[in-house]
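Chain letters run A, B, ... following the sequence lines, proteins first and then strands; every chain starts at 1. In this text the structure is predicted, and so the values were computed from the model without any measurement.
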Number of protein chains: 2
Amino acid sequence: MESKAKKMKMTPQRAAIIKYLEGNTSHPSAEDIFESVRKKYPMISFTTVYNTLQTLKDRDRVWELNIDDERKRYDPNVKLHHHLICTRCKNIVDIFMDFQLDVPEEEAQGYMISGRHVEFYGLCPKCGKTKNRG
Amino acid sequence: MESKAKKMKMTPQRAAIIKYLEGNTSHPSAEDIFESVRKKYPMISFTTVYNTLQTLKDRDRVWELNIDDERKRYDPNVKLHHHLICTRCKNIVDIFMDFQLDVPEEEAQGYMISGRHVEFYGLCPKCGKTKNRG
DNA sequence: ACTTTAATATGTAATGATTTCAATATAACA
DNA sequence: TGTTATATTGAAATCATTACATATTAAAGT
Ligand SMILES: [Mn+2]
Ligand SMILES: [Mn+2]
Ligand SMILES: [Zn+2]
Ligand SMILES: [Zn+2]
């Protein structure tokens with residue numbers, strides 16, 4: 001009992017953030033979380049959002065995605081899955097498929113591979129239509 | 001002849017940046033490029049590095065990677081391939097394998113998929129040894 | 001219930017990568 | 001050689017994220 005097992009103090013702010021994330025498949029940014037939680041807790045600080053996200057990351061309760069080139073995105077679903085991102089509006093959707101992604105010893109160049117993630121890029125249905133001036 | 005076909009004015013700075021990138025498999029950051037080119041052109045501006053990278057991106061001569069959570073990384077190899085990143089030192093190496101990554105219509109959720117990229121995470125040989133206090 | 005205290009929340013300042021901008025310089029071409 | 005669209009430069013601005021100092025509070029013990 002050590003790393004993941006540290007007890008986590010519950011606060012209204014944390015509860016609100018966790019509630020917002022629960023089952024959320026929109027892959028929100030820290031700002032998205034802040035703006036949403038702010039409706040109920042107008043006094044919440046941006047720092048608290050980042051602090052809480054860090055705490056949740058430490059406990060593997062949230063996954064930080066670098067898939068969006070402008071900001072970090074957060075995913076409460078930490079089970080292995082992949083993503084499809086719209087290159088125009090940055091919408092992200094889940095892909096639950098089990099790809100065969102084994103890297104043979106000689107290709108791994110001595111790395112100890114512990115994680116894998118497939119990113120697909122394209123245009124979402126909405127952006128696919130309005131090709132220009134999106 | 002239009003988008004990609006725009007002619008590109010050649011300058012000593014651009015030549016130096018392009019030369020540095022040519023065949024470079026280290027996936028350098030803008031700063032890496034700046035520091036290297038600066039040795040020959042001490043007066044080069046950071047802005048010029050970013051400008052040139054933008055120009056090269058526009059012409060599909062360089063690939064901007066979001067794989068590193070701290071900074072953008074650039075890859076002069078624009079042919080489809082994948083990457084393996086060390087989660088500790090952020091070293092990035094290429095994986096030239098042809099994975100089967102077809103997403104069936106019903107999983108694509110209406111997206112028009114145009115690109116794919118597999119990211120592997122792990123520890124590089126160096127970091128794998130020194131498990132602590134890296 | 002009251003006390004204690006380590007953990008958390010807050011506001012503000014700092015950081016660091018990237019972008020914007022206005023002025024100056026120059027590659028390409030006639 | 002002159003013209004001009006394009007590129008370079010340095011400085012300032014932007015924006016996401018982090019660091020810090022101070023005030024607050026959840027939770028464990030009494
Ligand atoms: Mn997801
Ligand atoms: Mn590469
Ligand atoms: Zn879209
Ligand atoms: Zn490493």
What does the list of N/O pairs under 3.5 Å between the protein and nucleotides 12-15 of chain C look like, with a distance for each?
residue : atom : partner : partner atom : Å
C:dT12  : O4   : A:Thr47 : OG1          : 3.3

Ring centres under 6.0 Å, that's the criterion: do A:Tyr20 and A:Tyr41 meet it? no

Find which nucleotide of DNA chain C each of A:Ile44 and B:Tyr74 is nearest to by heavy atoms, and output the residue with the more 5' nucleotide. A:Ile44

Tested for side chain to side chain contact (heavy atoms under 4.5 Å, CB included) against B:Ile85, the lone hit among B:His27, B:Lys90, B:Arg73 is B:Lys90

Looking only at side-chain N and O atoms, does A:Ser29 offer a donor or acceptor that is under 3.5 Å from a partner on A:Asp32? yes

Where is the tightest heavy-atom contact between B:Trp63 and B:Lys79, given as atom of each residue plus distance? CZ3-O, 4.5 Å

Where A:Tyr121 and B:Arg116 come nearest, the two heavy atoms and their spacing: CD1-N, 4.3 Å

Under the side-chain contact (heavy atoms from CB on, under 4.5 Å) criterion, do B:Ile44 and B:Ile17 qualify, and how do the steps go? CA-CA 10 Å; B:Ile44 197 172; B:Ile17 291 169; 4.2 Å; yes

Side-chain H-bond candidate by donor/acceptor type, A:Asp94 with A:His82, under 3.5 Å: no

Looking only at heavy atoms, the pair that brings B:Asp69 and A:Lys72 closest together is O-CE, 3.9 Å

Please check if atom NZ in A:Lys126 has more than 12 non-hydrogen atoms from other residues, nucleotides or ligands closer than 6.0 Å. no

Respond yes when some side-chain nitrogen or oxygen of A:Gln13 is under 4.0 Å from OP1 or OP2 of C:dT10, and no when none is. yes

If I take atom CG in residue A:Asp32 and atom P in nucleotide D:dA16, what distance separates them, rounded to the nearest angstrom? 11 Å

Considering the terminal five base pairs at each end of the helix from C:dA1-D:dT30 to C:dA30-D:dT1, what angle separates the two local helix axes, rounded to 10°? 30°

Expressed as a whole number of angstroms, how long is the span from B:Arg71:CZ to C:dA17:C1'? 8 Å

Rounded to whole Å, how long is the line connecting atom CD of A:Glu70 with atom P of C:dT19? 9 Å

Below 4.0 Å: OP1/OP2 of C:dT19 and any side-chain N or O of B:Tyr50: no

If every non-hydrogen atom of A:Ile67 is compared with every non-hydrogen atom of A:Ile92, which pair is closest and at what distance? CG2-CD1, 3.2 Å

Roughly, in whole Å, what's the span from CG in A:Leu65 to P in D:dT17? 12 Å

Rounded distance (Å) that lies between atom C1' of C:dG16 and atom CG of B:Asp69: 13 Å

Mind calculating the distance between CG (B:Asn66) and P (D:dT17) to the nearest angstrom? 12 Å

If you compare every side-chain N and O of A:Arg14 against the phosphate oxygens of C:dT8 (OP1, OP2), does one of them come in below 4.0 Å? yes

On a heavy-atom basis, the closest approach of A:Leu21 and A:Pro76 is O-CG, 3.0 Å

Take A:Glu22 and A:Lys19, measure what salt bridge (charged side-chain N to carboxylate O under 4.0 Å, His left out) needs, and give me the verdict at the end. CA-CA 5 Å; A:Glu22 198 95 30; A:Lys19 184 179 177 193; over 6 Å; no

Nearest whole angstrom, please: distance from the C1' of C:dC21 to the CG of B:Asn51. 11 Å

B:Lys72 side-chain proximity, nearest of C:dT10, C:dT19, D:dT8: C:dT19

Grab the CZ-P distance between A:Phe34 and D:dC15 for me, whole Å please. 16 Å

Considering only nitrogen or oxygen atoms on both sides, find all protein atoms under 3.5 Å from nucleotides 27-29 of chain C and state each distance.
residue : atom : partner : partner atom : Å
C:dA27  : O3'  : B:Met10 : O            : 2.9
C:dA28  : OP1  : B:Met10 : N            : 3.0

